[in-house]
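Just so it is clear: chains get the letters A, B, ... in the order the sequence lines come, proteins before strands, and each one is counted from 1. Computed from a predicted structure; not experimentally measured. Below, all heavy atoms of this structure are taken into account, side chains as well, without hydrogens, waters or symmetry copies.
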Amino acid sequence: MAARATAGALVVAGAALAAWQGTLSRSSGAAHVAVLATVAAACAATLLAGLGRQRSPSGAWVGASWRAVAGWRRAPRAGVAGVTGWVVLGAATVGWDLNSFLHQAHDLPTLSSLIGHVTGVPAGRGLLFAAWLVLGASVVAMGRRERRDDRARRSPPAVRTP
Amino acid sequence: MTLAVTPGGVVWAVIGGLWCAWLATTLWWRPLPHAGAVLRWLVGSWLGRSLALAVWAEIGWHVFCQRP
């Protein structure tokens, strides 16, 4: 119940912050402070929410990811195709953005200059800020393991009767 | 606000269309890893989560404080 109320309050606060951010310009000091404060809050929340709840140690995660890449021939085809699709799309986006940035030509706009057309309008800036907040909240909260003491509290060990 | 059609803009439109198509395909055909699964893999450790948080922070600063 308390968790639901906290989540609701965070959604309302996030919506208000995004609406306010929509009224600001990129050069305003308030916009800079708001972004920096949001990043600081996200870092603090990541640490607080993550203590004892991260699914795997970093070394094991790197090892497992490496073994998955090295053993791609034995992996299901759909999984390999899916990962290949994401990598190709990411590489195309980063590569074309880098190409446009290096040429600095009017005919080759960078991704951020295109996004600038959206953030130049208050509604666009506010909506994009809201999307950025949702993405940040996902990075902070997603994929957490349940704490051991929380699990024990939810399902106490069965009492044996003689 | 007017947007001129440039060769680079056309390439961005194609890339954007491919992103939309791929996102829809991965949501529709479950054996393919969807965006949520990719993010879930990334935040599976402190290292991945820290990297994702750093990229997210840089995107925010760049989009809302630096570029027009």
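- Note on Leu108(A), Leu135(A), Thr93(A): by heavy-atom pairs under 4.5 Å with chain B, the leading option is Thr93(A).
- To the nearest 0.5 Å, the span separating CG on Leu47(B) from CD on Gln54(A) amounts to 10.0 Å.
- Atoms OG1 and CH2, from Thr46(A) and Trp56(B) in turn, are 8.0 Å apart once rounded to the nearest 0.5 Å.
- Looking at Leu24(A), neither its backbone nor its side chain comes within 4.5 Å of chain B, counting heavy atoms on both sides.
- Counting all heavy atoms, side chain and backbone alike, Phe64(B) lies closest to Thr119(A) at CE2-CG2, 4.4 Å.
- Using a 4.5 Å cut-off between side-chain heavy atoms of Ile, Leu, Val, Met, Phe, Trp and Tyr, with links allowed through other members, Val139(A) and Leu10(A) fall into different hydrophobic clusters.
- Linking Ile, Leu, Val, Met, Phe, Trp and Tyr whenever their side-chain heavy atoms come within less than 4.5 Å puts Leu111(A) and Ile15(B) in one cluster.
- Distance check, rounded to the nearest 0.5 Å: CD1 of Ile59(B) to OG of Ser112(A) gives 11.0 Å.
- For a residue to count as touching a neighbouring chain, one of its non-hydrogen atoms must lie under 4.5 Å from one of that chain's; by this rule Ala35(B) touches chain A with backbone and side chain alike.
- Most heavy-atom pairs under 4.5 Å with chain B, from the set Pro76(A), Ser56(A), Gly143(A): that is Ser56(A).
- Using a 4.5 Å cut-off on side-chain heavy atoms (C-beta onward), Val63(B) and Trp132(A) make no contact.
- Of the listed residues Pro31(B), Ala37(B), Pro33(B), the one with more heavy-atom pairs under 4.5 angstrom with chain A than any other is Pro33(B).
- Think of Val12(A) as one node in a network of Ile, Leu, Val, Met, Phe, Trp and Tyr side chains linked at under 4.5 Å; it has no links at all.
- When only modelled atom types and interatomic distance are considered, Gln66(B) and Arg26(A) share no side-chain donor-acceptor pair under 3.5 Å.
- Remark: His62(B) NE2 to Ile115(A) CD1 distance equals 7.5 Å, nearest 0.5 Å.
- Pro57(A) touches chain B through its backbone: at least one of N, CA, C or O sits under 4.5 Å from a heavy atom, while the side chain does not.
- At a 4.5 Å heavy-atom cutoff, Asn99(A) makes no contact with chain B through either its backbone or its side chain.
- Contacts between Val43(B) and chain A at a heavy-atom distance below 4.5 Å involve backbone atoms as well as side-chain atoms.
- Counting only heavy atoms from C-beta outward, the side chains of Val39(A) and Trp61(B) never approach each other to under 4.5 Å.
- Close approach to chain B, defined as a heavy atom under 4.5 Å from one of its heavy atoms, is seen in Ala78(A), Gly79(A), Ala81(A), Gly82(A), Val83(A), Gly85(A), Trp86(A), Leu89(A), Gly90(A) of residues 78-91 of chain A, taken by number.
- Linking ILVMFWY residues whenever their side-chain heavy atoms come closer than 4.5 Å, directly or via other members, places Leu18(B) and Leu23(B) in the same cluster.
- When heavy atoms are compared at a cutoff of 4.5 Å, Ala40(A) does not approach chain B at all.
- A continuous path of hydrophobic side-chain contacts links Trp19(B) to Val14(B) [ILVMFWY only; heavy atoms under 4.5 Å].
- Put simply, the side chain of Ser100(A) reaches to within 4.5 Å of the side chain of Trp12(B), judged on heavy atoms.
- Contact count against chain A (heavy-atom pairs under 4.5 Å) is highest for Gly44(B) among Gly44(B), Ser50(B), Gly48(B).
- Among Ser28(A), Ser65(A), Ala34(A), the residue making the largest number of heavy-atom pairs under 4.5 Å with chain B is Ser65(A).
- For the pair Arg55(A) and Arg49(B), the minimum side-chain heavy-atom distance is 4.5 Å or more.
- Using a 4.5 Å cut-off between side-chain heavy atoms of Ile, Leu, Val, Met, Phe, Trp and Tyr, with links allowed through other members, Leu133(A) and Val55(B) fall into the same hydrophobic cluster.
- If you measure heavy-atom distances from Trp41(B) to chain A, the contacts under 4.5 Å come from both the backbone and the side chain.
- Looking at every heavy atom in both residues, His106(A) comes nearest to Thr6(B) through O-CG2, 4.0 Å.
- Between the SG atom of Cys43(A) and the CG atom of Leu53(B) there is a distance of 4.5 Å, given to the nearest 0.5 Å.
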